[in-house]
Asks: 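Starting off with a structure, shown below.
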2 protein chains.
Amino acid sequence: MARDATPRLPRRSNPSSDRAGSDGRVGNLILRSLPRKESSQLFPLMEFVRLKLHQVLHEPGEVIRSGYFLNDGLGSLLTTHPDGKTVEVALTGREGFIGLPVIFGFKTSALRVVTQGEGTAYRVEVDSLLRILSQCPELETQLQRFSMVLGMQSTQLAACNRLHDVAERLARWLLMSHDRIGMDALPLTQEFLAQMLGTRRASVTGAAGSLQKAGSIEYSRGRVRIVNRGKLEEEACDCYAAIERQKKRWQEEAN
Amino acid sequence: MARDATPRLPRRSNPSSDRAGSDGRVGNLILRSLPRKESSQLFPLMEFVRLKLHQVLHEPGEVIRSGYFLNDGLGSLLTTHPDGKTVEVALTGREGFIGLPVIFGFKTSALRVVTQGEGTAYRVEVDSLLRILSQCPELETQLQRFSMVLGMQSTQLAACNRLHDVAERLARWLLMSHDRIGMDALPLTQEFLAQMLGTRRASVTGAAGSLQKAGSIEYSRGRVRIVNRGKLEEEACDCYAAIERQKKRWQEEAN
DNA sequence: ATACATGTGTGCGTCTGAGTACATACAAGC
DNA sequence: GCTTGTATGTACTCAGACGCACACATGTAT
């Protein structure tokens, strides 16, 4: 299969992208939508950070110290269980914010949040954010709406987990990731996917194998490459489309 | 088994409870928590309504015209699928509000909402609610926090649907209902439970049978009676406890 | 009393996926 | 080169649940 030559941490050598704080390069859609009046209050409080692969941002039951506006890369929200099992219940990229409970006055996270792929984010201390939030109505609105969208996503996934088999869910998951990560090659091991889908690694082998046989994806040793997105959409359950449909509808409805 | 004599719509003959708008009898916890300044604005806009069994309050994709503050009874939020399958993704009673998307500026519902058991609610037209919402900060806060709590619930159910078997989920569901409906006898058919749990009716027969054999419940022809709640808690998966735990924690954290 | 609708018990055959285990393939370091 | 750790392929048994179908029970209506 075609291998892409992306090394582990290649962009360390490109310092220019480290200084994205000066606006033009902001990837996060919430930040980009803010009026100058609000972003000029918010940006001085934030720090541009680089996120590593599988970095844990929040842990269930622990106090949330920082929120994150992702610019690129991807955050998975997982439930954790005593026996070590995990299930992904929501997924967000640059369209969202990580740390929603604090917006509503709660201090702890109910979920584990881990990054997938490398990425960058603007990190903000919760105290700082809350201090300016009441003076930033547009930011507040955006965050609240995003929380509703994310909630809708998780309800759809709740149903998906009940009704659909591993291959459908895997295809659905790849599509959701693909949308957010913006590249065809994703750094994914079967073990990681098993944790996302709440299933066995061996089941992922089977599902990924059949997707590859169908020509939707190619993969090898921790790299998945999407080669035929259209086909992948056919193989995914309708949950992917349902989420996108509702998101779009709400976007249009919100004045 | 012991039958309770509750007829279908018995309380029609008790007009006094129809006029619960004058405060003392308000069951909804959000309404009860409001300062007089806000409730005096809100109550004139609302209508006390009686909800029938399995009444559909919202339908996915349709515009939400009214919101509901339940006083008693129970609302199930379901995803619907083209083939008629449904899965419950969240459950609320008098602690909440039905119609959350409108709070965030969205107009349509993503989910079907159906009542379970009979109940009463304060119904409010969306337009009216939105008109006063900005002048009712406490109401706004309560609604937003509730939306977060409900979202957390649905994430836990997403995992539950993936990891736990029918009997555990049934026990969990009965506990959640029991908490909210406040009676030991619930009007539930196996067919209805199957739709809530997203499974076959026959699977419910099996699960309910084993719960009855264990002495946790008794049931017959559309009536389930919880006879040993402690035992039921043992048989449920940890998801029930996890939801309650997090809810309580957040309640304490919110100043 | 009879007929009917509704609710429940049960019995197939089939299949997905869980749990587990082990073998192979590849990559990086010595 | 060789070793080691990680990633993947595969095989096996078993339990749970699926789809389907039908019989029986119970309460209501005529």
Side-chain angles (χ1 to χ4, degrees), chain A residues 1-9 53-54 81 83-87 159-171 185-213 217-225 235 237, chain B residues 1-9 53-54 81 83-87 159-171 185-213 217-225 235 237:
Chain A
M1 65 174 276
R3 297 278 291 100
D4 66 331
T6 315
R8 278 302 144 104
L9 282 163
L53 185 66
H54 298 178
H81 286 78
D83 55 4
K85 286 179 187 167
T86 61
V87 184
C160 189
N161 282 340
R162 185 77 260 300
L163 298 174
H164 301 129
D165 65 24
V166 180
E168 292 174 301
R169 301 208 312 278
L170 175 57
L186 316 173
L188 297 170
T189 64
Q190 296 186 353
E191 177 61 39
F192 180 79
L193 288 168
Q195 290 190 359
M196 295 301 112
L197 301 175
T199 189
R200 294 177 312 152
R201 203 263 311 156
S203 299
V204 174
T205 305
S210 80
L211 292 183
Q212 178 160 241
K213 210 162 292 169
I217 65 171
E218 287 173 348
Y219 68 98
S220 131
R221 288 194 78 71
R223 289 260 158 217
V224 176
R225 172 180 285 277
E235 285 161 317
C237 51
Chain B
M1 65 177 279
R3 297 278 290 97
D4 66 332
T6 315
R8 277 301 146 106
L9 281 163
L53 185 66
H54 298 180
H81 286 78
D83 56 3
K85 286 179 187 168
T86 60
V87 183
C160 189
N161 282 340
R162 187 76 259 303
L163 298 174
H164 301 130
D165 64 25
V166 180
E168 292 174 300
R169 301 208 313 277
L170 175 58
L186 316 173
L188 298 169
T189 65
Q190 296 186 351
E191 177 61 38
F192 179 80
L193 288 168
Q195 289 191 0
M196 295 300 113
L197 301 176
T199 189
R200 294 178 312 153
R201 203 262 312 156
S203 298
V204 174
T205 305
S210 79
L211 291 183
Q212 177 161 242
K213 210 162 290 170
I217 64 172
E218 286 173 349
Y219 69 98
S220 132
R221 288 192 79 69
R223 291 259 157 217
V224 176
R225 173 179 286 277
E235 284 162 317
C237 52

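Letters A, B, ... mirror the listed sequences (proteins, then strands); counts begin at 1. It should be emphasised that the depicted structure is a prediction, and the values quoted were computed from it without experimental measurement.
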Asks: Between D83(A) (CG) and dA18(C) (C1'), how many Å, whole number?
Replies: 12 Å

Asks: Would you say K85(B) places a side-chain N or O within less than 4.0 Å of OP1 or OP2 belonging to dC18(D)?
Replies: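 No, because none of the side-chain N or O atoms of K85(B) sits under 4.0 Å from OP1 or OP2 of dC18(D).
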
Asks: What nitrogen or oxygen pairs link the protein and nucleotides 11-17 of chain D at under 3.5 Å?
Replies:
from	atom 1	to	atom 2	distance (Å)
dA17(D)	OP1	V166(B)	N	2.6

Asks: Rounded to the Å, how far apart are Q195(A) CD and dA18(C) P?
Replies: 14 Å

Asks: Measure from CG on L211(A) to P on dG9(D) and round the result to the nearest Å.
Replies: 12 Å

Asks: Can you check whether E218(A) reaches Q212(A) side chain to side chain, under 4.5 Å on heavy atoms?
Replies: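 Yes. Closest side-chain heavy atoms under 4.5 Å.
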
Asks: What pair of heavy atoms forms the shortest contact from L53(A) to P187(A), and how long is it?
Replies: CD1-CG, 4.4 Å

Asks: For nucleotides 6-8 of chain D, tabulate all protein N/O to nucleotide N/O atom pairs closer than 3.5 Å, reporting atom names and distance.
Replies:
from	atom 1	to	atom 2	distance (Å)
dT6(D)	O2	R221(A)	NH2	2.8
dA7(D)	O4'	R221(A)	NH1	3.3
dA7(D)	O4'	R221(A)	NH2	3.3
dA7(D)	O3'	G222(A)	N	3.3
dT8(D)	OP1	R221(A)	N	3.4
dT8(D)	OP1	G222(A)	N	2.9
dT8(D)	OP2	Q190(A)	N	2.8

Asks: How are the rings of F192(A) and H54(A) set relative to one another: parallel (under 30°), tilted (30 to 60°) or perpendicular (over 60°)?
Replies: parallel

Asks: In whole Å, what is the span from the CZ atom of F192(B) to the P atom of dT6(C)?
Replies: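 Rounding to the nearest Å, CZ of F192(B) and P of dT6(C) are 17 Å apart.
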
Asks: Would you give the length of the straight line joining atom CZ of R225(A) to atom CD1 of I217(A), rounded to the nearest 0.5 angstrom?
Replies: 12.0 Å

Asks: Compare all side-chain heavy atoms of M196(B) with those of L188(B) and state whether any distance is below 4.5 angstrom.
Replies: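 The answer is no, as the side chains (C-beta and beyond) never meet within the 4.5 Å cut-off.
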
Asks: Search all heavy atoms of R169(A) against all heavy atoms of C160(A) and return the closest pair with its distance.
Replies: CD-O, 3.7 Å

Asks: Grab the CG-P distance between L197(A) and dT16(C) for me, whole Å please.
Replies: 17 Å

Asks: How about R162(B) and R162(A): do any of their side-chain heavy atoms sit closer than 4.5 Å?
Replies: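 With C-beta onward as the side chain, the pair stays apart.
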
Asks: Look up atom OG in S203(B) and atom CG in D165(B), then write down how far apart they are to the nearest 0.5 Å.
Replies: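 Reported to 0.5 Å precision, the distance equals 10.0 Å.
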
Asks: In whole angstrom, give the distance that lies between atom CG of L163(B) and atom P of dG17(C).
Replies: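 For the pair L163(B) CG and dG17(C) P, the rounded distance is 14 Å.
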
Asks: So, taking the atom named CD in Q190(A) and the one named CD in Q195(A), what distance separates them when rounded to the nearest 0.5 Å?
Replies: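 Output value for this atom pair is 13.0 Å.
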
Asks: NE2/H164(B) to CG/L170(B) distance, rounded to the nearest 0.5 angstrom?
Replies: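 Nearest 0.5 Å value for the NE2-CG distance: 14.5 Å.
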
Asks: Based on the rotation axes of five pairs at each end, what angle does the helix from dA1(C)-dT30(D) to dC30(C)-dG1(D) bend through, to 10°?
Replies: 20°

Asks: Taking all non-hydrogen atoms of both residues, which atom of T205(A) and which atom of Y219(A) are closest, and how far apart?
Replies: O-OH, 4.1 Å

